[in-house]
Amino acid sequence: MADLWQNAMDHAVAAARRAGQVVREALLDDRKVMTKSSSVDLVTQTDQKVEQLIIQSVKEKFPTHRFIGEESVAAGEPCILTDDPTWIVDPIDGTTNFVHAFPFVAVSIGFSVNKQMEFGVVFSCLEDKMFTARRGSGAFCNGEPLQVSGQKDIQRSIIATEFGSNRDPEVVDKMFSSLRNVLCIPVHGMRGAGTAAINMCLVASGCVEAYYEIGMHVWDLAASSLIVSEAGGVLMDVEGKDARASADGGDARRGAKSVRCACVFRRSGRSDVPTDRRSQQQNHR
Ligand SMILES: O=P(O)(O)OC[C@@]1(O)O[C@H](CO)[C@@H](O)[C@@H]1O
Ligand SMILES: [Mg+2]
Ligand SMILES: [Mg+2]
């Protein structure tokens, strides 16, 4: 049976690749840096230009589709998810990295129908890694299948997190207290790429066992939430409840702009998920 949304997914991959080219070219020029909610919450003209390029290209091909775009919402557009086909776009996830030419910068394009992610595309444009997932058809990086880590022992795991843009000392203290609690489990290590989308693709790739962050926005994780779940991972909120509703824009439905979400590895019940020899070796170490 023809896949109703394959054409849209192909468009998303091509649009992400074109957007990545714009980002790489912009790295050769001065980046005009502006701020949003605080002095460390950065945005550039490239973020805005890339988002408009993606949205305009979709409107020409799919005129009835709707959009939730990070920079459109920042400019006052509503952040409400309906049953309509909706493109959830973070034109540059990792703007601070982009400003500093730190090599983890993602273009993230998620696509939702009936409030359910149908496909996700995350292009790590400085690594030239195209992460994709179609609901029910697995997750891939440059065409190679992805599978979350099979590691079941958190003491043999790497955990990723991000610090966000809140510099209120009380909030920072709470963040450091969480970091301390996790480090002292103990875990092998903690990492952060500076972008939720790439952190979640690292979970899907099996090289990070779990990622948590308080305060992500729906556009940060819409695409990568499907990439994680199609690689055998699970998403949950900080109470351990299924967070796909939030990731699919549940909070966007209610007009909230940020979701609380933890994204952790766990072998799904699927029998078709191949055993990861590397994690077997770790289990017997
Ligand atoms: O603003 P941007 O570049 O799209 O978001 C960058 C980002 O690192 O900030 C959030 C909070 O740390 C993360 O969830 C997100 O990936
Ligand atoms: Mg983002
Ligand atoms: Mg962004």
Side-chain angles (χ1 to χ4, degrees), residues 33-44 47 70 74 90 92-106 108 122 124 126-127 148-149 151-222 224-225 228 233-243 246-247 250-251 256-266 282:
V33 185
M34 298 164 279
T35 58
K36 292 193 287 191
S37 61
S38 75
S39 64
V40 298
D41 182 10
L42 309 184
V43 62
T44 69
D47 294 76
E70 177 182 11
D90 188 341
I92 296 183
D93 191 45
T95 299
T96 302
N97 290 354
F98 168 64
V99 167
H100 291 268
F102 187 77
F104 296 107
V105 179
S108 179
V122 172
S124 178
L126 305 189
E127 295 181 285
V148 294
S149 166
Q151 183 54 257
K152 295 189 176 8
D153 181 352
I154 194 165
Q155 297 196 23
R156 293 182 175 184
S157 298
I158 286 184
I159 310 298
T161 188
E162 291 295 333
F163 303 121
S165 53
N166 189 323
R167 296 294 182 267
D168 177 307
E170 270 184 43
V171 171
V172 171
D173 287 346
K174 284 197 175 80
M175 216 182 295
F176 278 23
S177 160
S178 303
L179 280 175
R180 183 182 186 279
N181 293 340
V182 173
L183 271 172
C184 297
I185 287 173
V187 295
H188 275 182
M190 295 190 76
R191 302 287 185 273
T195 135
I198 291 180
N199 286 329
M200 292 170 74
C201 288
L202 289 169
V203 171
S205 306
C207 45
V208 160
E209 273 70 33
Y211 168 56
Y212 73 90
E213 183 175 353
I214 306 294
M216 280 181 269
H217 295 82
V218 63
W219 44 76
D220 293 318
L221 56 83
S224 45
S225 65
V228 166
V234 291
L235 289 103
M236 57 181 70
D237 65 18
V238 287
E239 276 93 38
K241 297 192 195 83
D242 183 339
S246 308
D251 284 84
K257 291 181 190 160
S258 72
V259 291
R260 292 178 179 282
C261 178
C263 143
V264 293
F265 77 95
R266 185 186 299 154
Q282 275 175 331

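Keep in mind that the numbers below use all heavy atoms, side chains included, and drop hydrogens, waters and symmetry copies. In this text the structure is predicted, and so the values were computed from the model without any measurement.
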Are any non-hydrogen side-chain atoms of [X] and [Y] less than 4.5 angstrom apart?
X	Y	answer
R180	V182	no
E127	P103	no
V172	F163	no

Side chain [X], main chain [Y], donor-acceptor under 3.5 Å:
X	Y	value
S224	M200	no
N97	A193	yes
S205	C201	yes
E213	E162	no

[X] to [Y] - nearest heavy-atom pair and separation:
X	Y	answer
F98	I92	CD2-CD1, 4.1 Å
L235	S225	CD1-O, 3.3 Å
M190	L183	SD-CG, 3.6 Å
A197	V122	CB-CG1, 4.0 Å

[atom1] of [X] to [atom2] of [Y]: how many Å apart, nearest 0.5 Å?
X	Y	atom1	atom2	value
Y211	M216	OH	CE	4.5 Å
N199	D220	CG	CG	10.5 Å
N166	M175	CG	CE	6.5 Å
I214	T161	CD1	OG1	8.0 Å

Show me the side-chain donor-acceptor pairs of residues 37-44 shorter than 3.5 Å, one per line, residues at least two apart or across chains.
| from | atom 1 | to | atom 2 | distance (Å) |
| --- | --- | --- | --- | --- |
| S37 | OG | D41 | OD2 | 2.7 |
| S38 | OG | V40 | N | 3.2 |
| S38 | OG | D41 | N | 3.3 |
| S38 | OG | S165 | O | 3.4 |
| D41 | OD2 | S37 | N | 3.2 |
| T44 | OG1 | T46 | N | 3.1 |
| T44 | OG1 | D47 | N | 3.2 |
| T44 | OG1 | D47 | OD1 | 2.6 |

### Message
Using the ring-ring contact (aromatic ring centres under 6.0 Å, His included) criterion, which residues pair with F102? Sequence neighbours excluded.
### Response
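Expected list: F104.
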#### Entry: side chain to side chain contact (heavy atoms under 4.5 Å, CB included) evaluation trace for V187 with I158
CA-CA 6 Å; V187 295; I158 286 184; over 6 Å; no
### Query
Taking atom types as modelled and ignoring hydrogens, do the side chains of S149 and E209 form a donor-acceptor contact shorter than 3.5 angstrom?
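Looking only at side-chain atoms, E209 and S149 do form a donor-acceptor pair, the distance falling under 3.5 Å.
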### Message
Quick check on Q155: does its CD atom have over 12 non-hydrogen neighbours (other residues, nucleotides or ligands) under 6.0 Å away?
### Response
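For Q155, atom CD is crowded (more than 12 foreign heavy atoms under 6.0 Å).
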### With sequence neighbours excluded, residues passing salt bridge (Lys or Arg N to Asp or Glu O under 4.0 Å) with K36
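So K36 forms a salt bridge (Lys or Arg N to Asp or Glu O under 4.0 Å) with E70, E71.
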### Query
How far apart are the C-alpha atoms of T195 and D93, what are their side-chain angles, what is the distance that settles it, and do they pass the side chain to side chain donor-acceptor pair (under 3.5 Å) test?
CA-CA 6 Å; T195 135; D93 191 45; 2.6 Å; yes
